[in-house]
2 protein chains.
Amino acid sequence: MKRLTILDVAERAGVSVGTVSNALNRPEIVAEKTLASIQAAMDELGFVRNAAARQLTGAKSPAIGLIVLDIDNPFFTEVYRGVEAAANEAGYLVVVCGLSGDPTHERRQLRLLEEQRVAGILATRVGKGNSRVYSQMRKRGMPVVMLDRRSAGKNQCSVAVDDVAGGRLAGEHLCGLGHERVALVNGPRDWTQCADRRSGFLTAVEDAGATLLPDADLEFEKMTIGAGEEAAREILAAAEQPTAIFCANDLLALGVEHALIAAGHRVPEDFAIVGYDDVAFATMAFVPLTSVRQPAGELGKRGAEQLLSEATDENHKHEQIVFEPELVVRASTGAPVPSAR
Amino acid sequence: MKRLTILDVAERAGVSVGTVSNALNRPEIVAEKTLASIQAAMDELGFVRNAAARQLTGAKSPAIGLIVLDIDNPFFTEVYRGVEAAANEAGYLVVVCGLSGDPTHERRQLRLLEEQRVAGILATRVGKGNSRVYSQMRKRGMPVVMLDRRSAGKNQCSVAVDDVAGGRLAGEHLCGLGHERVALVNGPRDWTQCADRRSGFLTAVEDAGATLLPDADLEFEKMTIGAGEEAAREILAAAEQPTAIFCANDLLALGVEHALIAAGHRVPEDFAIVGYDDVAFATMAFVPLTSVRQPAGELGKRGAEQLLSEATDENHKHEQIVFEPELVVRASTGAPVPSAR
DNA sequence: GCGCCGCTATGAAACGTTTCAAAAACTTGC
DNA sequence: GCAAGTTTTTGAAACGTTTCATAGCGGCGC
């Protein structure tokens, strides 16, 4: 099957290649009649223009890359939808790279994206040791926007949610209800967001005069339902038990809740639980989850818009957007019940 | 910032462009020493080769397209993971097109993918009226694999799950428990999978001498939690009420269960519920959901493998793979409780 | 009928790579 | 030291598009 080119179309329509190219890119300067015959020729032939050749002559790639290290989390699905919406609006495709957190794979995919000369890259989390890779890419001229993560500096775009505030919100809520011994089920602390949520939470707890039990200051590599279940077991096995548990995302919280209830405990009477992200399923849980809400879709949308602006607008201004999180109270939190102990 | 080309590298390393190209593509035919100096030159310059130019000379695009019309459903996240795993394994990128079911957008994205000359396209569902678009693409030589959908014919690859069997499984389970009046909460019936699930379910129900209440044979455009909640309201409002409800996916089922319980009914005593897909959250539901399980990850993986085989293997054989679904029984189903009525 | 003008159409160069036939640079063995 | 190999390198053509300076074509006013 011989490949169809603009030349075949030109021949068929009885015009030159230049004219076909004009018809494709600036139809307004081509005579009505000519345009029609070119259109007809393309339809009959089933011509689809070659983006590679196009790109070679200077056109920008109509694609952006989206790096997601944690695709299981419905939170990121929402982010994706925001990104997709903005990208689609502008006529761009989204290349999703979601390999579960292997830094080597991440590098390989970044390299591929760069070879493709995608218009830009949106990153939700940077794999261990890969931040240098990103800064090198930026130096070579590739627009990069950090999503859901405070940017390193002013010379770069970023969209984020104030995680310190989010952690504080959770802590204040629990302590406000009267909890005095609390637990934290966190993700890897070298991930800025986890560190921030922890620090905000800790501040609130200390300010309220409560204590984060040292045995219950947990950290898990993966922030999954499974990890949450394990966390619950560890908490139950500890010497001293908390009356409230803050989980750094809803998946963990769901796992914690599930395991706790399976073990015969009551939520919120025995353990109050606060999650993070407010994913759609938080409402559907056995005990609907109190959670810190983040505007996931908006996050993705604004990030993609920033990226595309940086990619196409000469006088683009870098911008650091920070959203404020919001506490959504549901049934999984309540005051501690002394009698239950 | 002037663009770096292979020529700059050649100059810096003191060799010809041909040699640099060789170093990149067939390092084994280049002398050790030359290779080293080229490598050094590339590193110093920060050279990244241009995939567009490469593709123009015959190389295949290292990307495949994945069309998902229903990205909210965690089921598709799992499919994606399978696809990504297979693609990554083979060194491919995945372009995800997930715009929520608008056929016009779908066509636009397909066009972009085709212009990019992606190695192939994986489609999980075909938007209304777009099947012709797909067959035209195939005619032009673009490999297309239908995922999770019985293919039209033998001259095309496909991977699917037997949805008729899945529906039957649900029907047999419920009728086997003694339910005699059942409801169906389905998605759009012009989607093959929904039609199939319905027909399998119907067969089982009729074989068992039970009846699908005419008032409770529901069909919703979107298969979401929200639609499920609405379904529950409709079922409760109907003249005659079922004792069991089969939902064509877990999102619907979760919504139904939630609304039912919110309205003060008990699951499974008042209403037994069966879902479909067995998403991770089915276990976490208020009442853990009985569901028909599909091997989502495997589906995506095999589909991508088929696609890549078709894209790269001269003597590729088309193949239609059909997986068998499996019933996972949890707390949301039980025998009908006469006293409750 | 001429010179101009405004539209349209043309075609060659350029984009950054790969390929491949041919040249160059080495090795051998004698 | 030379012929015959063998290994390595070379450079020009090709890929499919866009761009842009230039050419062609009508019509118009005089």
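First the proteins, then the strands, lettered A, B, ... as listed; each starts at 1. Worth knowing before you read on, the calculation uses all heavy atoms, side chains too, and leaves out hydrogens, waters and symmetry mates. Note that the coordinates shown come from a computational prediction; the quantities given were computed from them, not determined experimentally.
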K.L.:
Looking at D:dT10, C:dT18, C:dA9, which one has an atom nearest to any side-chain atom of A:Ala31?
P.N.:
C:dA9
K.L.:
From A:Ile6 CD1 over to A:Asn50 CG, what is the distance, rounded to the nearest 0.5 angstrom?
P.N.:
10.0 Å
K.L.:
Are the side chains of A:Thr77 and B:Ile71 in contact, using a 4.5 Å heavy-atom criterion?
P.N.:
yes
K.L.:
Any sub-3.5 Å donor-acceptor pair from B:Gln306's side-chain atoms to B:Glu319's backbone N or O?
P.N.:
yes
K.L.:
Rounding to an integer number of Å, can you tell me how far B:Met42 CE sits from C:dT17 P?
P.N.:
11 Å
K.L.:
Just the rounded figure in Å: distance from P of C:dT17 to CG of A:Leu56.
P.N.:
8 Å
K.L.:
Quick check: on DNA chain C, is the nucleotide nearest B:Asn22 upstream (toward 5') of the one nearest A:Gly18, or the reverse? Name the residue that is more 5'.
P.N.:
A:Gly18
K.L.:
Tell me the interatomic distance from A:Lys33, atom NZ, to C:dT8, atom C1', rounded to whole angstroms.
P.N.:
13 Å
K.L.:
At 4.0 Å (heavy atoms only), tell me whether B:Arg117 reaches a base, stays on the sugar-phosphate, or touches nothing.
P.N.:
nothing
K.L.:
Using heavy atoms to find the nearest nucleotide of DNA chain D for A:Arg54 and B:Ser16 separately, return the residue whose nucleotide is more 5′.
P.N.:
B:Ser16
K.L.:
Within the pair A:Arg26 and C:dT8, is there a side-chain N or O less than 4.0 Å away from OP1 or OP2?
P.N.:
no
K.L.:
If you check every side-chain atom of A:Arg49, which of D:dT9, C:dT18, D:dT17 has the closest atom?
P.N.:
D:dT17
K.L.:
Kindly say if A:Arg3 contacts the phosphate of D:dC15, meaning a side-chain N or O under 4.0 Å from OP1 or OP2.
P.N.:
no
K.L.:
Would you say A:Thr57 reaches D:dT17's phosphate, i.e. side-chain N/O to OP1/OP2 under 4.0 Å?
P.N.:
no
K.L.:
Whole Å only: how far is the CD1 atom of B:Ile29 from the C1' atom of D:dT10?
P.N.:
11 Å
K.L.:
What's the closest nucleotide to the side chain of A:Leu24 if the choices are C:dG16, D:dT18, D:dT10?
P.N.:
D:dT18
K.L.:
Whole Å only: how far is the CD atom of B:Glu11 from the P atom of C:dT17?
P.N.:
14 Å
K.L.:
What is the separation between atom CD on A:Gln55 and atom P on D:dT19, rounded to the nearest whole Å?
P.N.:
14 Å
K.L.:
Distance-only, no hydrogens or angles: does the A:Arg117 side chain make a donor-acceptor pair with backbone N or O of A:Glu114 under 3.5 Å?
P.N.:
yes
K.L.:
How is B:Thr19 classified with respect to the nucleic acid when contacts are heavy atoms under 4.0 Å: base, sugar-phosphate, or nothing?
P.N.:
base
K.L.:
Report yes if a side-chain nitrogen or oxygen of B:Asn50 is closer than 4.0 Å to either non-bridging phosphate oxygen (OP1 or OP2) of C:dT17; otherwise report no.
P.N.:
no
K.L.:
Evaluate the side-chain proximity of A:Leu299 to A:Val159: yes if any heavy-atom separation is below 4.5 Å, no if none is.
P.N.:
yes
K.L.:
In whole angstroms, how far is the P atom of D:dA12 from the CD1 atom of B:Ile6?
P.N.:
16 Å
K.L.:
In whole Å, I'd like the distance from the CG atom of A:Asn25 to the C1' atom of D:dT19.
P.N.:
10 Å
